[in-house]
Amino acid sequence: SHPPGTPLPDSLPSELRQLLTNLTQLAPFPAANNSLKLHLWKLSYRLWNACVDFSNAAAIRSPSSNRSSQNVTKLRHVAADMLSLAVDVVGVPSPAIKSASFYYKTGLAWQDHKIFDLASTCFERATDLLSKLDVSKILDAGERKLLLDLNLARSRTAWEISDKNLALTLLNRSKTLLFGSSAHFKALANQFLAFAKAVLSRNENNGSFNDVLKLLNEALNLCEKGLSISRTREETVEIKELKSKTMRFISAVHLQNGEFESVIKCVKVLRENGGEKGDHHASLPVLALKAWLGLGRYSEAEQELKGMVVNKGIPEGVWVSAVEIYFHAVGSAGVETTKGVFLGLLGRCHVSARAALRVVHRVVGDGNGIEGLRTRGKVVAELASDERVVALFASEAVAKERTAMHAVLWNCGSGNFRLKDYETSAEMFEKSMLYIPHDLENRVIRAKGYRVLCLCYLGLTQLDRAQEYINEAEKLDPNIICAFLKVLFHSMYGTLNTESFKICLQKNDHCGATNQIQKMISCLDFTPDFLSLAAHEAVASRALPVAVAALSNFLNFYNSGKPMPTTEVVVLRTLVTILSQDLDKEAEVLKFLKQAHKRASELGAESFFGKGEVGRRERNWFAVTSWNLGAKCGKEKNYELCAEFLRLVSEFYSLMGDGQMEENNVTICKSLIMTVSAMIASENQNTTPLPDAEVKHAVELLERAGKILTSLSVGNIEGDIHFIYVLNAYDMHGRLNNL
């Protein structure tokens with residue numbers, strides 16, 4: 001009477017189980033009390049049918065919870081136990097088989113719940129009931145099928161609880177329950193195949209290949225026997241499909257075991273079996289391909305790969321995987337074959353952008369030296385420029401794949417560029433442009449492509465093409481890089497003797513290169529852009545002193561009032577970065593940091609650093625760099641420079657007011673206190689007392705720090721800083737009172 005649409009209460013199965021336990025104590029029932037047994041049968045069937053209704057309702061409504069489903073299975077188990085109490089009822093045909101059927105179906109339900117001990121209990125009860133029957137007298141096909149299915153279910157349960165010996169024993173025992181039925185042969189063969197697949201999926205390679213082959217051979221023998229007794233066309237087709245599937249798995253096991261000749265034999269048998277209607281499964285070309293490659297017979301492997309083009313039944317993922325396998329084995333020697341196969345596939349079926357990307361990525365690979373990279377690059381260029389391939393990436397649905405294709409082609413071009421193969425590099429960069437949409441969002445990327453093409457054609461000394469590309473880049477994204485490339489272009493046309501400068505760099509003659517910079521400045525057609533070019537080439541040649549000289553001269557032009565190709569703050573930041581890479585250059589770094597602070601004070605912080613968040617980031621970079629260099633000098637016990645760097649920290653942070661005052665004040669406070677500490681440490685190191693002016697300056701710094709300390713929230717500053725502040729203040733004020 002419980003509504004099927006609502007879950008069963010947890011108490012119901014346990015209450016029924018308790019009632020059944022009480023009833024069991026009265027068993028066995030007298031033969032004369034047959035009406036009670038019939039009543040138990042009716043109750044059992046009513047309970048069983050109610051469970052069926054619950055399961056059907058749950059399946060229609062939505063997947064039921066595991067707990068609710070288990071409650072229904074518990075009720076099925078009660079119904080089966082109830083039926084077994086009256087198994088000797090008179091008037092019911094085949095009562096033992098019907099009772100065993102209840103136990104069998106309940107065991108399957110427990111199997112689905114992965115509760116194998118209860119499943120095993122049900123299967124054993126069913127087996128006990130059927131063991132009392134004379135199997136030879138069972139003529140009904142359904143009842144015979146139950147005998148086999150029960151044995152197979154027991155075998156699966158034993159397998160699941162890792163009792164493989166029992167599982168295989170039960171399978172072999174099932175051979176006596178086939179009753180000359182092709183369907184039975186097929187069911188048993190399927191179970192042998194399932195166990196073999198389970199072993200393979202667990203990667204149990206330690207001696208398991210022979211065990212797997214035994215299971216597969218058992219399945220194969222059963223298929224052949226089933227074919228010999230099959231009566232209908234449908235039965236024959238089903239068993240043939242299972243036989244082919246089994247042989248494909250046998251091939252896969254041989255392949256995994258490195259037995260390539262056996263793989264070829266299996267594939268040959270599968271293809272020849274049935275003449276033109278032989279097995280043409282998608283996996284066969286892949287199996288044969290791998291086997292031929294394993295045998296080193298690349299021409300046969302190539303034929304298998306080409307054969308995939310005409311087989312329309314091969315899914316995209318399979319042939320893409322085959323292309324990758326072939327190319328991985330053959331390398332650059334197989335690029336033309338790969339291209340032909342891929343373009344052939346484009347002509348016969350729909351190919352996705354993802355598949356095209358995988359093939360191109362595989363062909364690009366990592367190259368085998370200059371020639372390998374050049375060969376692959378040319379094939380990739382032909383693939384990527386094919387109109388059909390480009391069309392695959394046209395829609396917005398494949399934007400991610402289009403970006404990835406652009407990246408693959410770009411990286412291939414970059415690799416050739418590093419090898420100074422500018423011709424192949426230019427071709428790859430040009431093909432990558434096919435995968436950049438013509439919209440506003442991607443104009444910067446297109447400009448970047450034009451700029452790198454300009455470099456390629458400069459390397460090839462095709463100056464007209466170079467000028468064409470840099471002009472296009474400037475139209476899309478005019479910036480300092482375009483200006484720099486124009487300078488490089490004009491330096492190859494103009495009257496400046498930049499070649500002497502390049503020669504000095506190549507000879508590692510830093511002094512000569514620096515002199516060439518001075519000569520360049522005196523030329524009539526000189527512009528500051530040439531200094532930017534010189535600095536760039538010097539950095540590329542690791543001639544850092546020359547780069548410093550070029551940028552130092554660059555700074556001299558900012559007072560002229562003329563438009564400059566880049567901001568002064570960028571030049572100073574670059575100088576500090578370059579000098580920081582050399583040892584013992586802290587004094588020069590300090591000079592340029594002080595110059596940056598001076599210029600920011602003169603021009604105004606926003607005019608020098610920039611406005612908004614960009615300006616704050618620039619200001620913070622100089623402040624943090626000063627702090628890091630101060631800490632470095634402190635560790636190296638260069639306390640004089642340490643004090644200078646730390647003093648700059650507070651001065652940089654004080655240049656711009658922003659919304660991070662609390663955080664900045666903490667750093668300013670620390671830098672002020674640590675500046676005084678460094679001054680005292682320098683005094684002790686040099687054994688020379690601080691001048692009176694320095695003492696007064698230290699007191700001023702500590703007074704600023706004291707005001708900040710009182711304004712900071714509790715916990716924002718470490719206790720050690722408070723302690724150092726007190727010590728320094730005590731020391732400095734003591735000296736001030738004696739002045």
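When atom types are taken as modelled, the side chain of N442 and the backbone of I445 share no donor-acceptor pair closer than 3.5 angstrom. Under the 3.5 Å distance criterion, the side-chain polar atoms of R443 are matched with a main-chain donor or acceptor of L476. Between the R446 side chain and the H438 main chain, no donor and acceptor come within less than 3.5 Å of each other. Looking only at distances, no side-chain donor or acceptor of S425 sits under 3.5 Å from a matching main-chain atom of N416.
Between E644 and K594 there is a salt bridge, with a side-chain nitrogen of the basic residue lying less than 4.0 Å from a carboxylate oxygen of the acidic one.
Nearest heavy atoms, R248 versus S283: CD-OG, 3.3 Å. Among all heavy-atom pairs drawn from S352 and L392, the shortest one is O-CD1, 4.1 Å. Here the shortest heavy-atom pairing between C454 and I470 reads SG-CB, 3.8 Å. Residues A288 and I264 approach most closely at O-CD1, 4.1 Å, considering heavy atoms. When all heavy atoms are compared, the tightest approach of V263 to S251 is CG2-O, 3.4 Å. Considering all non-hydrogen atoms of both residues, F417 and C456 come closest at CD1-SG, 3.8 Å.
The CG atom of L629 sits 9.5 Å away from the CG atom of L641 when rounded to the nearest 0.5 Å. Of the inter-residue distances, the one linking W292 atom CH2 with Q303 atom CD reads 11.0 Å to the nearest 0.5 angstrom. The distance from the NE2 atom of H597 to the CD atom of E651 is 4.5 Å, given to the nearest 0.5 Å.
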(message) For a side chain to side chain contact (heavy atoms under 4.5 Å, CB included) check, start with the C-alpha distance between L575 and L555, then their side-chain angles and the critical distance, and finish with the verdict.
(response) CA-CA 10 Å; L575 271 167; L555 288 174; 3.6 Å; yes

(message) Before you tell me yes or no, could you show the steps for I668 and N665 under side chain to side chain contact (heavy atoms under 4.5 Å, CB included), namely the whole-Å CA-CA distance, both residues' side-chain angles and the distance that decides it to 0.1 Å?
(response) CA-CA 5 Å; I668 291 171; N665 279 341; 4.0 Å; yes

(request) Start with the C-alpha distance between L590 and L648, add both sets of side-chain angles, then the distance that settles side chain to side chain contact (heavy atoms under 4.5 Å, CB included), and finish with yes or no. (result) CA-CA 9 Å; L590 179 63; L648 278 173; 3.6 Å; yes

(message) For E636 and K632: C-alpha separation, side-chain torsions, deciding distance, then whether salt bridge (charged side-chain N to carboxylate O under 4.0 Å, His left out) applies.
(response) CA-CA 6 Å; E636 295 171 355; K632 178 176 177 289; 3.1 Å; yes

(request) Begin with the C-alpha distance, continue with both residues' side-chain angles, and end with the deciding distance and a verdict on salt bridge (charged side-chain N to carboxylate O under 4.0 Å, His left out) for E401 and R354. (result) CA-CA 6 Å; E401 287 78 9; R354 185 182 295 274; 3.1 Å; yes

(message) For W621 and T577: C-alpha separation, side-chain torsions, deciding distance, then whether side chain to side chain contact (heavy atoms under 4.5 Å, CB included) applies.
(response) CA-CA 11 Å; W621 186 89; T577 303; 3.5 Å; yes

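The 12-atom threshold is exceeded at CD of E613, counting heavy atoms of other residues, nucleotides or ligands nearer than 6.0 Å. Around atom CD of E468, more than 12 heavy atoms belonging to other residues, nucleotides or ligands sit under 6.0 Å away. Shown here is Q581, whose CD atom has more than 12 heavy atoms of other residues, nucleotides or ligands within 6.0 Å.
No side-chain heavy atom of I578 sits under 4.5 Å from any side-chain heavy atom of F592. A 4.5 Å side-chain heavy-atom check between Y435 and T403 finds every atom pair outside the cut-off. Side-chain contact between W627 and K670: present, with at least one pair of heavy atoms (C-beta onward) separated by less than 4.5 Å. You'll find the side chain of L455 stays beyond 4.5 Å of the side chain of Y422, heavy atoms only. No side-chain heavy atom of L531 sits less than 4.5 Å from a side-chain heavy atom of L551. Looking at heavy atoms from C-beta onward, V576 lies in side-chain contact with L593 at the 4.5 angstrom threshold. Side-chain contact check for Y450 versus M433: some heavy-atom pair is nearer than 4.5 Å. Looking only at side-chain heavy atoms (C-beta outward), N638 and E586 stay at 4.5 Å or farther from each other.
The ring of F429 has its center closer than 6.0 angstrom to the ring center of W410.
Partners of R402 by side-chain hydrogen bond (donor to acceptor under 3.5 Å, both in side chains), not counting sequence neighbours, listed by chain and number: E396.
Each of R599, K598, R573 was evaluated against E568; a single residue qualifies, R599, per the salt bridge (Lys or Arg N to Asp or Glu O under 4.0 Å) test.
Using modelled atom types, one finds a donor on one side chain and an acceptor on the other under 3.5 Å when comparing E430 with Y469. In this model, a donor atom of one side chain and an acceptor atom of the other lie less than 3.5 Å apart for D421 and T424.
Under a cutoff of 6.0 Å and an axis angle of 45°, R465 and Y457 form a cation-pi pair.
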